[in-house]
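Working notes for the structure below.
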Protein chains: 2
Amino acid sequence: MMKVTVNDIARVAKVSQSTVSRVLNNYPQVKQETRKKVLEAIEELKFSPDFVARSMVTNKTNTLGLIVGDISNPFFAESAKIMISRAQEMGYDVIISNTNHIDSNMDHAVQTLLSKRVDGIIISSASRGSNKVKELHDAGFAVILHNSSVEDASSNYVVLDNKKGAIMAMDHLVHLGHEKIAFISGPSKYLNVYQRYAGYQEALEKHGLPFRKTFVYEGEFSYDAVYWFVQRMLEEKERPTAIFATSDQMALAVMDAAAGKGLKIPEDLSVVGFDDMTISSNHYIGLTTISQHKEKMALLALEHLISMVEKKGESADSIHMTLEPELMIRKTTGPPKKIT
Amino acid sequence: MMKVTVNDIARVAKVSQSTVSRVLNNYPQVKQETRKKVLEAIEELKFSPDFVARSMVTNKTNTLGLIVGDISNPFFAESAKIMISRAQEMGYDVIISNTNHIDSNMDHAVQTLLSKRVDGIIISSASRGSNKVKELHDAGFAVILHNSSVEDASSNYVVLDNKKGAIMAMDHLVHLGHEKIAFISGPSKYLNVYQRYAGYQEALEKHGLPFRKTFVYEGEFSYDAVYWFVQRMLEEKERPTAIFATSDQMALAVMDAAAGKGLKIPEDLSVVGFDDMTISSNHYIGLTTISQHKEKMALLALEHLISMVEKKGESADSIHMTLEPELMIRKTTGPPKKIT
DNA sequence: ATTTAGAATGAAAACGTATTCACTATATTT
DNA sequence: AAATATAGTGAATACGTTTTCATTCTAAAT
């Protein structure tokens, strides 16, 4: 089953291959009559153009890269769905790279995406000190940071005001009467979690509450690790009455651990998350959380990337967007029970 | 910033372009000395080979396509993560196409994947009557069906014994004492949901229970649609005491609706799902469900696809694997309350 | 009838690599 | 020392398009 090429149609349509190319690309200056012949030949031989060959010469692949720490985290999966769908509508495909939150994987992913000549890259989980990101940006490559940005201010990004979000969450807990509030962090190499942590601390200070090292988990995004950490923390006599987690995924681990200890939420323990994954709004879960407006964020990142790609060269004004967080109060937070 | 090509290194290393290519591809018959020169030049100019150009001639892109109905469904996201990670380890990238469960999107996705010359395609949500799938297979293209297969028996697939799984779920409920069991289906154009439906019916019959049309939801995979359907169903006086849903995602909608109605699970209503997404095992949710062994299934599909791709031509024995389901009993099922 | 402008087409080059084929240097055998 | 085999290298071609440039055709203008 030989591949049908543009030459084959040229032959059966009795025109040159350039002409075939012209009708493929909808050039105006081809006569109706010959256009018809070509189209018929295409139909007859079931020809469809080879994108690889086309990319060779146009220097465009119509393929984007999406680098993500963990596609199985619903926040990323939901964001990815939005981006992919929109990208497809706009004529692009997307290669997803999953880094498992390992920096070297990300560098490697970038390298192979470049080798495959993707037109642009969205990075959803960039480490804040990443050199690769700066390199890409400095080289004039179309790249946009989504969800988490880097310290070097020059790169393009669409993120949330994470610190503000964290403060909103904390304010909510404090106003309910909580004074012992734990924080479940993630790897602070990510600027977004770093900023949330900063928000946590700032809020404590603002409300005159002491910072306790034992009340914070700082480590991998590991369900199990968080689960065990929380279980242990809840066994202490000086246990927190509320826990603020840096992601909904982690918040679920917290709730899981609390359930394992026989604690009722929110009576015995208040929990607030961050992300607002779809499932969090389920009545059965009803997680109080900070909404990232994931649809908007994903769409903005994607569409800006594509516009960067398409007007390569012209007005390359940089994209610096930070969205407003929103507190979603649901059923996992309430006033603390007076512990005697 | 001009692109560095193989010719550039040939020039600085003072060898021919072919020789450079040879060291790139680790050909044995190149002298240590010249190999060293080339490697140094590569290092110096920071050259990295262009995969597009390479694909042109090798006819291999080291890129796979993954077509999925909805990447935001955790079952698919988790499967995708497994496949992507393993693929990357094996030197492949993956383009994800999201069809939103629309058949024409899938046909279109296949077409563009072919145009981009992916080496193989995994289809996670194939409609059971899909012609495209058969076409692909007949054309000798490397394609494997994952999760849901097609009626035409010739295609390669790795799936679950869905009917058996459904029967296991039903048996569990019946043994607990349930007699009024509703079924939340999805679009029956998917063979896997079709088979689960068949299992539901067969189990009813086996246990001498009547089939009631009003007890089955048959429609889109829509959280909201299921939510409202269940709410309404629970208002009837002849309401079911248990609901079996064709996916965990739908089961969550069921639980959501039940919670909305103030019903306790499992006291007032038992719920069984299907898939065993990670989150289902959360103590706070504790969804009784049928495990699909998603890791095994995903890995098998991916690895078989790659082996098909790599030994193109040789022993193309077909892959027909159906895995055994497993009942995961957790906290959402229990004996029915005697309703008087 | 002749020139001229523009429309329509074809020939050829280019994109960056792998690979075949021919050739040269080196080592082995006689 | 000659003949032969083999290791190492280079020149040229192919992959399937788009695009530039030159050319032919057509119709309008003189």
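Nothing here was measured: the structure is a model prediction, and the numbers come from that model. Sequence lines set the chain letters: A, B, ... in the order given, protein chains first and strands last, and positions in each chain run from 1.
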Donor-acceptor pair between B:Arg54 and B:Asn62 side chains, under 3.5 angstrom: no

Atom-to-atom span, CD of A:Gln29 to C1' of D:dT24 - whole angstrom: 15 Å

Phosphate-side-chain proximity, A:Thr58 and D:dT18, N/O vs OP1/OP2 below 4.0 Å: no

Please list, for nucleotides 11-17 of chain D, all pairs of protein and nucleotide N/O atoms separated by less than 3.5 Å.
residue, atom, partner, partner atom, Å
D:dA11, N7, B:Ser18, OG, 3.3
D:dA11, N6, B:Ser18, OG, 2.9
D:dT17, OP1, A:Asp50, N, 3.3
D:dT17, OP2, A:Val6, N, 2.8

Phosphate contact (D:dG10 OP1 or OP2) by B:Thr19 side-chain N/O below 4.0 Å: yes

Atom-to-atom span, CZ of B:Phe51 to P of C:dA18 - whole angstrom: 9 Å

B:Asp93-A:Thr112 side chain donor-acceptor pair, cut-off 3.5 Å: yes

Near-ring test B:Tyr157/B:His320, centroid separation under 6.0 angstrom: yes

Sugar-phosphate, base or nothing in reach of A:Thr34, heavy atoms under 4.0 Å: sugar-phosphate

side-chain N/O A:Tyr27 vs D:dT19 OP1/OP2, d < 4.0 Å: yes

side-chain contact (heavy atoms from CB on, under 4.5 Å), paired with A:Thr63, selected from A:Leu113, A:Asp119, A:Ile95: A:Ile95

Interatomic distance, A:Glu33 CD vs D:dC25 P [rounded to whole Å]: 15 Å

Rounded distance (Å) that lies between atom P of D:dT9 and atom CZ of B:Arg35: 9 Å

d(CG, A:Asn26; C1', C:dA8) in whole Å: 16 Å

Any donor-acceptor N or O pair under 3.5 Å, side chains B:Ser124, B:His146: yes

Protein-nucleotide distance (B:Lys31, atom NZ; C:dA27, atom C1'), rounded to Å: 13 Å

Distance, rounded to the nearest Å, where B:Ile9 contributes CD1 and D:dG10 contributes P: 13 Å

B:Asp8 CG - C:dC15 P separation (whole Å): 11 Å

Sugar-phosphate only, base, or nothing, as touched by A:Val15 at under 4.0 Å among non-hydrogen atoms: sugar-phosphate

Residues B:Asp107 and B:Lys132 bridged, charged N to O under 4.0 Å: no

Short side-chain donor-acceptor distance under 3.5 Å, A:Asn192 and A:Ser148: yes

